[in-house]
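First up is the structure itself, then whatever we jot down about it.
Because the structure is predicted, anything quoted here is derived from the model rather than measured.
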Amino acid sequence: MKFLAKDSNFNQVIMLTEFEQLQSSLMVEIIRLRQTPRKVSTNEQMNEIIRDKNSCLEKDLENFFLNESGNELSDILIVLNENKPIYSHKCILAARCAYFEAYFRSFMPKDRRVLMTIGDTVPPRQACISLLRFIYFDDVNMPPQDALYLFSANHFFQFSNLRLHVFCKQNLEANVSKSNVFDILEAADKIKDENMKNFALKIVRSNFPELANSNRIKKLSKELLLDIIADLSKLFAPKPTITAVNLQNLNAPVNQQMKVSSTPSSPSFSMHFNSSSPSSSPCASHNSNVLLHNILTFINDDNKN
């Protein structure tokens with residue numbers, strides 16, 4: 001009887017055809033039990049709230065944002081690089097985001113149109129909707145391409161917690177690929193996230209022969225290129241018998257550096273890097289001295305310019 005009279009069940013019960021077939025005395029008893037105030041224990045009350053997913057602040061704000069009723073009460077238009085704006089609400093944006101609170105206090109556009117940017121970037125419409133879903137009802141479910149745009153949003157918009165940033169980071173780590181690793185590297189460097197940056201550098205190092213020929217690497221800044229070169233040096237383990245590098249020899253032609261006076265069977269020959277050895281790994285096929293020479297040449301040429 002108590003189950004039938006519960007708030008979450010009563011409306012569904014009275015609409016059933018079986019309810020119409022009950023005796024009138026049972027109907028009256030159910031309705032009276034429903035109308036009688038009940039003292040509900042704290043645990044039971046909490047369990048009812050948890051089970052009821054159709055009536056909560058999160059669900060109400062989701063419906064308000066997605067349905068036309070929210071558009072009718074909108075007082076702000078989010079503008080992107082397209083003609084169709086996104087309807088929004090100033091009080092919600094300001095309550096959830098310190099950036100918008102300061103923005104609306106200092107400047108309120110007369111036409112109610114606000115250009116949505118994340119730093120110097122205007123996100124695509126889908127990424128902007130994912131951001132507004134997080135602002136309105138704390139939703140962090142989004143595709144990896146949206147997480148890439150919103151990775152630095154937590155720092156830019158000054159949210160009260162790091163929930164969005166942590167989720168975007170986990171999302172990108174689980175979905176990083178050769179096509180987006182440089183974008184992730186730039187985003188991590190921009191917000192000074194060393195853990196994410198080192199993770200992206202590790203991916204670049206593991207796939208460098210293929211990534212080195214891409215057009216995307218040419219668009220990286222000089223600082224990031226130097227970071228990649230420094231990370232690539234981890235591929236070359238230091239020689240235990242070599243205590244110092246002769247920088248003068250680095251200026252000599254490459255073919256002179258590769259010359260050895262010993263015979264292939266002599267002990268000193270095995271101490272040199274043999275690029276023609278079939279047992280050498282792909283990474284070991286490059287002479288470390290040649291790599292250092294190219295790095296120094298790159299830095300010297302850049303300084304001269």
Side-chain angles (χ1 to χ4, degrees), residues 6-12 15 45-105 107-119 121-175 180 183 187:
K6 280 187 177 181
D7 295 342
S8 57
N9 301 325
F10 181 77
N11 291 332
Q12 297 178 4
M15 300 301 294
Q45 195 174 32
M46 291 297 296
N47 291 332
E48 286 188 12
I49 294 174
I50 294 174
R51 286 195 298 267
D52 187 7
K53 300 294 184 180
N54 296 322
S55 180
C56 61
L57 178 61
E58 178 181 335
K59 192 66 177 181
D60 291 342
L61 285 176
E62 180 180 0
N63 295 331
F64 185 71
F65 174 69
L66 299 177
N67 296 337
E68 293 184 359
S69 58
N71 296 346
E72 295 175 357
L73 300 175
S74 170
D75 54 1
I76 287 293
L77 300 176
I78 302 296
V79 181
L80 304 169
N81 290 332
E82 55 185 38
N83 295 327
K84 187 178 180 181
I86 301 176
Y87 294 91
S88 188
H89 308 84
K90 180 175 65 174
C91 59
I92 296 179
L93 296 178
R96 291 275 289 161
C97 176
Y99 170 86
F100 281 114
E101 180 184 7
Y103 182 91
F104 294 138
R105 287 183 182 277
F107 175 75
M108 184 62 192
K110 296 181 180 180
D111 56 357
R112 303 186 305 147
R113 302 173 75 89
V114 177
L115 178 64
M116 173 66 77
T117 61
I118 303 176
T121 305
V122 178
R125 185 179 184 86
Q126 180 58 45
C128 184
I129 291 178
S130 294
L131 174 63
L132 291 175
R133 289 173 66 91
F134 170 76
I135 292 176
Y136 271 74
F137 47 95
D138 207 35
D139 181 29
V140 291
N141 296 316
M142 64 186 72
Q145 55 268 28
D146 290 356
L148 179 59
Y149 281 99
L150 302 183
F151 181 63
S152 59
N154 210 104
H155 174 75
F156 181 78
F157 290 109
Q158 302 178 33
F159 292 121
S160 58
N161 57 63
L162 298 176
R163 176 175 166 80
L164 178 63
H165 174 74
V166 171
F167 176 81
C168 289
K169 183 176 181 179
Q170 294 176 345
N171 192 333
L172 293 175
E173 289 178 349
N175 297 280
N180 63 11
D183 295 326

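- Nearest heavy-atom pair across Ala94 and Glu101 is O-CB, 3.7 Å.
- Note: Leu150 CG to Leu164 CG = 5.5 Å, rounded to the nearest 0.5 Å.
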Mind listing the side-chain donor-acceptor pairs of residues 110-119 below 3.5 Å, one per line with the distance, residues two or more places apart or on another chain?
residue, atom, partner, partner atom, Å
Asp111, OD1, Arg113, N, 3.3
Arg112, NH1, Ser74, O, 3.0

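- Taking each heavy atom of Asp75 and Lys90 in turn, the nearest pair found is OD1-N, 2.8 Å.
- By the 30° and 60° cut-offs, the orientation of the rings of Tyr103 relative to Tyr99 is parallel.
- Annotation for Tyr87: atom OH does not count as buried by contact number, only 12 or fewer foreign heavy atoms lying within 6.0 Å.
- Contact record, Leu172 with Pro144: CD2-O, 3.8 Å, taken as the closest heavy-atom pair.
- Scanning both residues, Tyr149 and Pro123, for their nearest heavy atoms gives CD2-CA, 4.2 Å.
- Taking every heavy atom of both residues into account, Ala153 and Phe159 meet most closely at O-CE1, 4.1 Å.
- Annotation: the span from Ile86 atom CD1 to Cys128 atom SG amounts to 4.0 Å, rounded to 0.5 Å.
- Formation of a donor-acceptor pair under 3.5 Å by the His165 side chain with backbone atoms of Ser152 is not found in this model.
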Could you pull out every donor-acceptor pair under 3.5 Å between side chains of residues 132-140 and any protein atom, sequence neighbours left out?
residue, atom, partner, partner atom, Å
Arg133, NE, Asp139, OD2, 2.9
Arg133, NH2, Asp139, OD2, 2.9
Tyr136, OH, Ser88, OG, 3.1
Tyr136, OH, His89, N, 3.0
Tyr136, OH, His89, ND1, 2.6
Asp138, OD1, Arg163, NE, 3.4
Asp138, OD2, Arg163, NE, 3.1
Asp139, OD1, Asn141, N, 3.2
Asp139, OD1, Asn141, ND2, 3.3

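- Asn63 contributes atom CG, which lies 10.5 Å from atom CD of Glu58 (distance to the nearest 0.5 angstrom).
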Next item on the list: Could you go through the side-chain contact (heavy atoms from CB on, under 4.5 Å) check for Leu73 and Phe64 one step at a time?
Entry: CA-CA 10 Å; Leu73 300 175; Phe64 185 71; 3.9 Å; yes
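- Residues Lys84 and Arg125 meet the side-chain proximity criterion, which asks for heavy atoms closer than 4.5 Å.
- The distance from atom CD of Glu62 to atom NZ of Lys59, rounded to the nearest 0.5 Å, is 4.5 Å.
- Proximity of a side-chain donor or acceptor of Asn175 to a complementary backbone N or O of Asn171 within less than 3.5 Å is detected.
- Between Cys97 and Phe157, the shortest heavy-atom contact is SG-O, 3.1 Å.
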Next item on the list: Given side-chain contact (heavy atoms from CB on, under 4.5 Å), test Ile92 with Phe65 step by step and report yes or no.
Entry: CA-CA 11 Å; Ile92 296 179; Phe65 174 69; over 6 Å; no
